[in-house]
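Single-structure report; data block below.
A note on names: the letters A, B, ... follow the listed sequences, proteins ahead of strands, and every chain is numbered from 1. Note: hydrogens, waters and symmetry copies are ignored here, and every other heavy atom, side chains too, is used. What you see is a predicted model; the values in this text were computed from it and never measured.
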Number of protein chains: 2
Amino acid sequence: MNKSVNSTQLKKIIREIGVKVTRQRLIILENILTGDEHVTAQAVYESIRHIAPDIGFATVYRFLRTLCDHKVLTEVRMRGLPARYEWAQKKHHDHLSCVRCKCIYEFENEQIEALQIEIAKKFGFKLTEHILELYGVCSKCQIEQNIPKEVSTPLQTSHVAQL
Amino acid sequence: MNKSVNSTQLKKIIREIGVKVTRQRLIILENILTGDEHVTAQAVYESIRHIAPDIGFATVYRFLRTLCDHKVLTEVRMRGLPARYEWAQKKHHDHLSCVRCKCIYEFENEQIEALQIEIAKKFGFKLTEHILELYGVCSKCQIEQNIPKEVSTPLQTSHVAQL
DNA sequence: ATCAAAAGTGAAAGTCATTATCATTTGCAA
DNA sequence: TTGCAAATGATAATGACTTTCACTTTTGAT
Ligand SMILES: [Mn+2]
Ligand SMILES: [Mn+2]
Ligand SMILES: [Zn+2]
Ligand SMILES: [Zn+2]
């Protein structure tokens, strides 16, 4: 949540993807590295406003996209909601989300991964990617059936569970 | 692909979901029942134009949505592409799609289904839904590495494979 | 068959997330 | 320092829906 990063590291990341180092990119990247997980472009844009109100959201979108193209970030799109981004260095995992409070949990399941590969093989596919999303009602929401009606804050994540 | 349906059957379906029977609904529903699988609202709209050019696409969207709400159809959303619809009476299955020619195959895997339930249970979730999509290059596209550059026709489906 | 209330319709406008345009500014290799 | 490709940001455009609303149509009750 608040890892510290120095601008040298940030510059290194930006240079390695072969684009110019700009003030806005440093700010955006730092925000992503030190901020919440599973953030939306809008959230990054807003979170940056107080320090750099001049950065347009087109720039945020563009750079997030660039970071995805270069596998620095991964785009997570759940249910037609706005795209969320996460650090791509994390180990592969899938997501489980509450349809009510929108919280997100991460999980990893080797058996499922293996079965997917098997299925693709049976169809003669060269598998490149997959999406596995589970939706349901989280344990909290099963009890407090009304209090936190809506969550406007960015989705929080627990650590990845090994199953 | 061209099962025959009489309007009595169509009317029955519409009445059972508790809405009025209209000419446009009969036409839309018949088109879905007798036409391709995994169609988009736009495709239905266009496919209907020559027989009933007066039906607006708002009506198509609205009715498809209604049919989904009443579990007559299932919405299939792949990769943020426009929603596709399929007859809900089909047994549950997931999709495997070629990133190049966009063909869709259906599969079903009980083991994966079971594992998903297990995962949800571990998190204390009441599972309501899941999305599992595999993406890759189909066997044809692995060979003919260029001929059918783009497929504009609606996605075709093979029959569901049991794995 | 008649009729009014309720439901449905279509054209058009509105949303919302994202992408494109383009005039201006900036990074940086030479 | 400079030239110029790359980047930026304001704004318009896009695409897939969704909503609005004035005008039908359906349907249950007479
Ligand atoms: Mn994640
Ligand atoms: Mn299907
Ligand atoms: Zn919840
Ligand atoms: Zn293919």
Side-chain angles (χ1 to χ4, degrees), chain A residues 7-8 10-29 31 38-46 48-49 51-70 73 75-85 102 150 152 154-155, chain B residues 7-8 10-29 31 38-46 48-49 51-70 73 75-85 152 154-155:
Chain A
S7 71
T8 311
L10 298 175
K11 284 176 185 165
K12 183 157 178 281
I13 294 170
I14 296 171
R15 285 215 189 82
E16 273 173 1
I17 68 180
V19 297
K20 291 181 178 175
V21 175
T22 64
R23 179 182 56 92
Q24 20 283 82
R25 283 176 174 165
L26 287 169
I27 292 171
I28 292 168
L29 187 55
N31 183 271
H38 302 134
V39 281
T40 61
Q42 187 63 35
V44 172
Y45 173 66
E46 276 162 21
I48 266 171
R49 277 189 75 73
I51 176 89
D54 60 305
I55 299 180
F57 69 79
T59 302
V60 176
Y61 266 108
R62 254 186 311 233
F63 189 44
L64 290 177
R65 149 73 56 126
T66 302
L67 290 171
C68 287
D69 290 347
H70 291 82
L73 295 184
E75 207 184 55
V76 181
R77 315 188 129 276
M78 316 246 331
R79 273 276 191 73
L81 293 168
R84 294 175 176 274
Y85 301 87
K102 313 287 193 249
E150 236 166 295
S152 56
L155 313 187
Chain B
S7 72
T8 311
L10 298 176
K11 285 177 185 165
K12 183 158 179 281
I13 294 170
I14 296 172
R15 284 215 190 82
E16 272 173 1
I17 68 182
V19 297
K20 291 181 178 175
V21 175
T22 65
R23 181 182 56 94
Q24 18 286 81
R25 285 177 173 166
L26 287 169
I27 292 171
I28 293 168
L29 186 55
N31 182 271
H38 301 135
V39 282
T40 61
Q42 187 63 35
V44 172
Y45 173 66
E46 277 161 20
I48 267 171
R49 277 189 74 72
I51 177 89
D54 59 306
I55 299 181
F57 70 81
T59 302
V60 175
Y61 267 109
R62 254 184 312 231
F63 188 43
L64 290 176
R65 149 73 58 124
T66 302
L67 290 171
C68 286
D69 289 348
H70 291 82
L73 295 185
E75 210 185 52
V76 182
R77 316 190 128 274
M78 316 232 354
R79 277 271 191 75
L81 293 169
R84 292 175 177 273
Y85 301 87
S152 56
L155 312 188

**Study point:** Name of the residue among Thr22(B), Ile17(B), Val21(B) meeting side-chain contact (heavy atoms from CB on, under 4.5 Å) with Val19(B)
**Key:**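 Exactly one option meets the side-chain contact (heavy atoms from CB on, under 4.5 Å) with Val19(B), and it is Ile17(B).
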Return the nearest nucleotide to the side chain of [X]; candidates are [options].
| X | options | answer |
| --- | --- | --- |
| Arg65(A) | dG8(C), dC17(D), dT19(C) | dT19(C) |
| Thr59(A) | dT18(D), dA7(D), dT8(D) | dT8(D) |
| Gln24(A) | dT9(C), dG9(D), dC17(D) | dG9(D) |

pair [X]-[Y]: side-chain heavy atoms closer than 4.5 Å:
| X | Y | value |
| --- | --- | --- |
| Leu67(A) | Leu29(A) | yes |
| Ile14(A) | Phe63(A) | yes |
| Thr40(A) | Leu81(A) | no |

Point to revise | Any Thr22(A) side-chain nitrogen or oxygen under 4.0 Å from OP1 or OP2 of dT8(D) | key: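 Thr22(A) to dT8(D) OP1/OP2: side-chain N or O found under 4.0 Å.
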**Study point:** Arg77(A) vs dT18(C): side-chain N/O to OP1/OP2 distance below 4.0 Å
**Key:**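 Result: yes.
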Check your understanding: For DNA chain D, whose closest nucleotide is more 5', that of Ala41(B) or that of Arg23(B)?
Key ->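 Final value for this comparison: Ala41(B).
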Check your understanding: Toward the 5' end of DNA chain D, which comes first, Pro82(B) or Val21(B), by nearest nucleotide?
Key ->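 Comparing both residues, the 5'-ward one is Pro82(B).
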Practice item. Looking at every strand, decide which applies to Arg15(A) at a 4.0 Å heavy-atom threshold: base, sugar-phosphate, or nothing. Key: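 Nothing, no nucleic acid heavy atom in range.
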Rounding to a whole Å, what distance do you find between [X]:[atom1] and [N]:[atom2]?
| X | N | atom1 | atom2 | answer |
| --- | --- | --- | --- | --- |
| Ile48(B) | dT9(C) | CD1 | P | 12 Å |
| Leu81(B) | dC17(D) | CG | C1' | 15 Å |
| Arg25(B) | dG10(C) | CZ | C1' | 14 Å |
| Glu75(A) | dT18(C) | CD | C1' | 10 Å |
| Leu26(B) | dT9(C) | CG | P | 10 Å |
| Leu64(B) | dA16(D) | CG | P | 15 Å |
| Tyr61(A) | dT11(D) | OH | P | 18 Å |
| Asp54(B) | dT25(D) | CG | P | 10 Å |

Contacts of type salt bridge (Lys or Arg N to Asp or Glu O under 4.0 Å), residue [X], not counting sequence neighbours:
| X | value |
| --- | --- |
| Arg77(B) | Glu75(B) |
| Asp54(A) | Arg23(A) |
| Lys20(B) | none |
| Arg49(B) | none |

Exercise for review: Quick one: pull up CG in Asn31(A) and CD1 in Ile28(A) and give me the separation to the nearest 0.5 Å.
Suggested key: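 Separation between the atoms: 8.5 Å.
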Under 3.5 Å between N/O atoms: give me all the protein pairs with nucleotides 3-5 of chain D, atom names plus distance.
residue: dA5(D); atom: N3; partner: Lys20(A); partner atom: NZ; Å: 3.3

Pairs: protein N or O with nucleotides 20-24 of chain D N or O, under 3.5 Å:
residue: dT20(D); atom: O4; partner: Arg62(B); partner atom: NH1; Å: 3.3

Point to revise | Closest-nucleotide ordering on DNA chain C, the 5'-leading residue of Gly18(B) and Phe57(B) | key: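 Nearer the 5' end of the strand: Gly18(B).
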Check your understanding: Between Gly56(B) and Tyr45(B), which heavy-atom pair has the shortest distance, and what is it?
Key ->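 For Gly56(B) versus Tyr45(B), the nearest heavy atoms are C-CE1, 3.8 Å.
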